[in-house]
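One structure is given below, encoded as structure tokens.
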There are 2 protein chains.
Amino acid sequence: MPNSKVLPLVESEASEGVAPCCPPLTERPFTAQEAETAARMFKALGDPVRLRLFSAVASHEGGEACVCDISDVGVSQPTVSHHLKKLKDAGLLTSERRGTWVYYRVESSVLAAMGRLLALTPVKAA
Amino acid sequence: MPNSKVLPLVESEASEGVAPCCPPLTERPFTAQEAETAARMFKALGDPVRLRLFSAVASHEGGEACVCDISDVGVSQPTVSHHLKKLKDAGLLTSERRGTWVYYRVESSVLAAMGRLLALTPVKAA
DNA sequence: GTAACGAATCGACAAACGTCGAAACAAGGG
DNA sequence: CCCTTGTTTCGACGTTTGTCGATTCGTTAC
């Protein structure tokens, strides 16, 4: 899929410095651009169906799941596909076709970046 | 404000067990109900303006900020108020009027719960 | 009282979103 | 080949969302 747009949430996945998009929320006020980037991640997880799909992939054996394994979330199959695409566009999932089936996998570096965003830091003195 | 609806994201703020709404995303597939609850939190942060407002409060001295301190995010005053209300309804902020001004404060227990949701756990063997 | 200021609510509007059924695409098996 | 199965795309629909200007509410100062 050469034309798919994936957000550059993480600059590189090289050995060490995973380079998150933004500092912790508590460090300083976000700039407009930082907020734009980070909001896309949160928005992607801001839907119950997507959260279930994401959790299903994330908790599946081997760290990946076929669409057919996780389609049981109470919406039609096209809707499942639609949500998986959104998670993929947000950079939270990657997909790979293997024969008949398509497998989705969690992009753990992005998940880590989001966790770092939410990291609690000591309250600044008034 | 007796009629405001605050989501029960955290059962209690008592001394120790902050009782998050849900297990880590990677632990097991979310139930519909867990997803519904957690998605509301993520959704609240899924807008750039709200993220900037939240970050501004979170990073402000003393852990709180007057609306007038953080209104500089490029939207009208009613819109700022609207977004602060959403963050409040999601349980991420609390507010308190002190004289002329209204101060917002981060509900850190909820922030912690969200961070725990995103905690990375080892990939299960296939 | 009334005027001034900060903040919340109201009403309206366009844009974005979630959902579905139908159709198209991809891969494998007769 | 054609048929079946898994997945994505398309088109349409109703709902939700973000935004604003105008108004209202709460508080303080005069």
Handout entry: Sub-4.5 Å side-chain heavy-atom contact between A/L51 and B/L25
Key = yes
Practice task
Check whether any side-chain N or O of B/K43 sits under 4.0 Å from OP1 or OP2 of D/dT17, and answer yes or no.
Solution key: yes
Pairwise N/O distances under 3.5 Å, protein to nucleotides 19-25 of chain C:
{"residue": "C/dT19", "atom": "OP2", "partner": "A/H83", "partner atom": "NE2", "Å": "2.4"}
{"residue": "C/dC20", "atom": "OP2", "partner": "A/S76", "partner atom": "N", "Å": "2.7"}
{"residue": "C/dC20", "atom": "OP2", "partner": "A/S76", "partner atom": "OG", "Å": "3.0"}
{"residue": "C/dC20", "atom": "OP2", "partner": "A/T79", "partner atom": "OG1", "Å": "2.9"}

Problem - Same cluster (ILVMFWY, side-chain, under 4.5 Å), B/I70 and B/V49 - result: yes
Fill in the blank from the handout: note: B/Y103, atom OH; C/dG6, atom C1'; distance rounded to Å ~ 11 Å
Exercise for the section: Measure the angle between the two terminal helix axes of the helix from C/dG1-D/dC30 to C/dG30-D/dC1, five base pairs each, and quote it to 10°. Expected result: 10°
Practice task
Tell me whether the OP1 or OP2 atom of D/dG6 has a side-chain N or O from A/Y104 closer than 4.0 Å.
Solution key: no
Fill in the blank from the handout: The side chain to side chain contact (heavy atoms under 4.5 Å, CB included) partner of A/R105 among A/H60, A/E96, A/E64 is A/E64
Exercise for the section: Would you mind classifying the nucleic acid contact of A/R98 as base, sugar-phosphate or nothing, using non-hydrogen atoms under 4.0 angstrom? Expected result: nothing
Completion exercise
A/L53 atom CG is separated from C/dG18 atom P, nearest whole Å, by 12 Å
Handout entry: Hphob cluster co-occupancy, A/V75 + A/V67, side-chain heavy atoms under 4.5 angstrom
Key = yes
Practice task
Tell me whether A/L87 is reachable from A/V102 by hopping between hydrophobic residues (I, L, V, M, F, W, Y) whose side-chain heavy atoms are closer than 4.5 Å.
Solution key: yes
Handout entry: Between P of C/dC17 and CZ of A/F42, the distance in whole Å
Key = 17 Å
Completion exercise
When rounded to whole Å, the CG to P distance for the pair B/D89 and D/dT16 reads 16 Å
Completion exercise
Note: B/R52 and B/D72 closest approach over all heavy atoms is NH2-O, 4.1 Å
Handout entry: Main-chain N/O of A/Q77 paired to A/S81 side chain as donor or acceptor, under 3.5 Å
Key = no
Practice task
Please confirm whether the backbone N or O of A/F42 pairs with a side-chain atom of A/R40, one donor and one acceptor, at under 3.5 Å?
Solution key: no
Exercise for the section: Could you tell me the separation between the CG atom of B/L84 and the P atom of C/dG6, rounded to a whole number of Å? Expected result: 16 Å
Practice task
Quick one: do A/L45 and A/M114 satisfy side-chain contact (heavy atoms from CB on, under 4.5 Å)? Show the steps, please.
Solution key: CA-CA 11 Å; A/L45 294 181; A/M114 291 185 72; 3.9 Å; yes
Completion exercise
note: A/W101, atom CH2; D/dT5, atom P; distance rounded to Å ~ 12 Å
Practice task
Give a yes/no on whether any side-chain N or O of A/S81 is located under 4.0 angstrom from OP1 or OP2 of D/dT8.
Solution key: yes
Every protein N/O within reach of nucleotides 11-13 of chain C N/O, cut-off under 3.5 Å:
none

Exercise for the section: Could you tell me the separation between the CD atom of B/E96 and the P atom of C/dA8, rounded to a whole number of Å? Expected result: 13 Å
Practice task
Grab the CG-P distance between A/L87 and C/dG18 for me, whole Å please.
Solution key: 10 Å
Exercise for the section: Flag the pair B/L117 / A/L118 as yes when at least one side-chain heavy-atom distance between them is below 4.5 Å, and no otherwise. Expected result: no
Fill in the blank from the handout: Among the nucleotides D/dG18, C/dC17, D/dT7, whichever has the atom closest to the side chain of B/R50 is D/dG18
Problem - Among C/dG18, C/dG6, D/dG18, the one nearest B/K86 by side-chain distance - result: D/dG18
Practice task
Measure from the side-chain N and O atoms of A/S55 to the backbone N and O of B/R28, and report whether any donor-acceptor pair falls under 3.5 Å.
Solution key: yes
Exercise for the section: Indicate, with yes or no, if A/F54 and A/Y103 share a hydrophobic cluster defined by side-chain heavy-atom contacts under 4.5 Å among Ile, Leu, Val, Met, Phe, Trp and Tyr. Expected result: no
